[in-house]
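This structure is a prediction, so every number in the text was calculated from the model and none was measured. In this chain, numbering begins with 1 at the start of the sequence shown.
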Amino acid sequence: MTEQNRTGQGRILVVGSVNVDLVLGVPRHPEPGETIAGTGSRRSPGGKGANQACAAARLGGDVRFAGRTGTGADADLALDLLRRAGADLTATTEVSDAETGLAVVTVDEAGENSIVIIAGANGSWTPQDIEELRAEVAASDLVVSQGEIPAAAVDQLSQLCAETGTRFLLNLAPVIDVAESTLAMADPLVVNESEGRLALTALTGSDAPDDDVATVRRLREAGVRSVVMTRGARGAILAADAEISEIGSPTVQAVDTTGAGDAFVGALALGLARGESAADACRRAARVGAFAVTRHGAQPSYPQQEDVLPGRCPGRAHCSRRSGREPSA
């Protein structure tokens, strides 16, 4: 299948994890060995792959999701909001001898979270499974993946994108041992501050600088096509072409940061698939991420097309400003 077979309308293929999130409210995160009383619990759909697909679909994207679940009620819950959002799930399969992935999330009173993940069926992906998605990859305008499926599967997906000429967005979260060629294929590579430093060390074998802009610049110099570093309430850093820009985020009152980074990635993927500039896609993604932290949960917090996003940053110059220029290479 060739470039001409693509829709040109922003078709997105997300290949990644799907979980059930068990979310526990706590007044504060416990110390090692400490027992504290929680404030409540709930179960909802999650997984970075499913979250990102759901975020893009709820915003009106043409999204196909390829994931793996176990059987039974947990699988139904894990896919519920994706179905309601209109995502195409024909490439999602059940694994009879595995459980649906599980994430145990604790959220404190400040909205900060900590997460423990059990991979379950997400860990069953093989390179051959990815090869069977070749037609879907070739028909897509953008392919998205993350670090919650095996590295060998992500590497094969990157290779398929290279062979079919499909743009590849890699959210290296968590950081897994993917091939250098996979990092180089990412356009963009999306990481947070700590993930960016780990990725740079993996690429160069040397320690990463403490400065975020310097880390992003060095990732580009190491061969990554473009980089987006997310920084929560501080927005993001974008390195594309020869420029590095800071993308601001609207100021909001956070109640739960769970899945906010995935909301950002889903919105970013939608903008890029539709042909927006990286800067414009990042600006809208920052507003979508800010919307998500004002509500509880991951997928339930994501905006629909009709929702009003938090206000634009105060003036374009403040929302995106150039913070350095990379040397030409």
Side-chain angles (χ1 to χ4, degrees), residues 2-3 6-16 48-49 52-53 55-56 61 63-64 130 133-134 136-147 149 151 153-173 175-176 178-192 195-196 199-200 202-204 215-230 236-245 247 261-262 264-286 320 326 328-329:
T2 64
E3 187 82 27
R6 299 199 176 116
T7 66
Q9 300 300 312
R11 185 177 187 186
I12 300 167
L13 171 66
V14 180
V15 182
K48 297 192 73 64
Q52 292 167 14
V63 179
R64 187 169 201 183
I130 298 295
L133 295 173
R134 178 178 288 270
E136 287 83 355
V137 169
S140 300
D141 297 290
L142 180 74
V143 169
V144 180
S145 196
Q146 321 77 28
I149 64 174
V154 178
D155 288 340
Q156 182 63 24
L157 186 62
S158 170
Q159 180 63 31
L160 279 186
C161 288
E163 292 172 3
T164 59
T166 308
R167 189 170 186 175
F168 178 53
L169 185 161
L170 174 61
N171 177 212
L172 195 64
V175 176
I176 56 176
V178 296
E180 289 186 14
S181 59
T182 297
L183 295 177
M185 183 67 190
D187 187 20
L189 173 68
V190 182
V191 288
N192 65 19
E195 293 158 356
L200 180 59
L203 272 173
T204 65
T215 297
V216 169
R217 179 181 292 111
R218 286 185 56 187
L219 282 167
R220 288 279 285 118
E221 292 169 350
V224 181
R225 297 184 180 195
S226 63
V227 180
V228 175
M229 178 181 282
T230 58
I237 299 172
L238 166 66
D241 301 321
E243 294 185 354
I244 298 179
S245 300
I247 307 295
D262 295 330
F264 181 103
V265 172
L268 174 65
L270 180 60
L272 295 176
R274 288 178 170 175
E276 294 178 12
S277 70
D280 285 344
C282 278
R283 290 187 191 100
R284 186 158 185 260
S320 175
E326 297 179 49
S328 58

I need the minimum non-hydrogen distance between Gly196 and Leu219, along with the two atoms involved.
O-CD1, 4.0 Å

Side chain to side chain contact (heavy atoms under 4.5 Å, CB included) involving Ala184 - partner list, sequence neighbours excluded
none

Sequence neighbours left out, what passes side chain to side chain donor-acceptor pair (under 3.5 Å) with Asn171? Give chain and number order.
Gln52

Atom pair CE (Met185) and CZ (Arg167), whose distance is rounded to the nearest 0.5 Å
10.5 Å

Output all residues satisfying side chain to side chain contact (heavy atoms under 4.5 Å, CB included) with Ala55, sequence neighbours left out; order by chain, then residue number.
Tyr302

Separation between CD1 (Ile149) and CG (Leu157), nearest 0.5 Å, reads 7.0 Å

Which atom names give the shortest non-hydrogen contact between Arg225 and Ala186, and what distance separates them?
CB-O, 3.5 Å

The single option from Val15, Ile12, Leu13 that satisfies side-chain contact (heavy atoms from CB on, under 4.5 Å) with Val144 is Ile12

Partners meeting salt bridge (Lys or Arg N to Asp or Glu O under 4.0 Å) with Glu163 (sequence neighbours left out)
Arg134

What residues form a side chain to side chain contact (heavy atoms under 4.5 Å, CB included) with Ala151, not counting sequence neighbours?
Ile176, Val178

Closest approach of Thr204 to Ala222 (non-hydrogen atoms, all atoms of both residues)
CG2-CB, 4.1 Å

How long is the gap from CD on Glu276 to CG on Leu270, to the nearest 0.5 Å?
7.0 Å

Val265 vs Gln146 side-chain heavy atoms within contact, under 4.5 Å
no

Leu238 side, atom CG; Thr230 side, atom OG1 - distance, nearest 0.5 Å:
12.5 Å

Considering all heavy atoms of both residues, which atom of Thr166 and which atom of Val137 are nearest to each other, and what is their separation?
OG1-O, 3.1 Å

Pairing residues for Ser226 by the side chain to side chain donor-acceptor pair (under 3.5 Å) criterion, not counting sequence neighbours
Asp187

With rounding to the nearest 0.5 Å, note down the distance linking CG in Asp280 to CG in Leu272.
10.5 Å

If every non-hydrogen atom of Ser158 is compared with every non-hydrogen atom of Ser181, which pair is closest and at what distance?
OG-O, 4.1 Å

Rounded to the nearest 0.5 angstrom, the CD-OG distance for Gln156 and Ser145 is 12.0 Å

Can you tell which of Val191, Val216, Leu189 makes a side-chain contact (heavy atoms from CB on, under 4.5 Å) with Val224?
Leu189

Identify the heavy atoms of Ile247 and Ala279 that sit nearest to each other, and give their distance.
CD1-O, 4.4 Å

Is any side-chain heavy atom of Val228 closer than 4.5 Å to one of Cys282?
yes

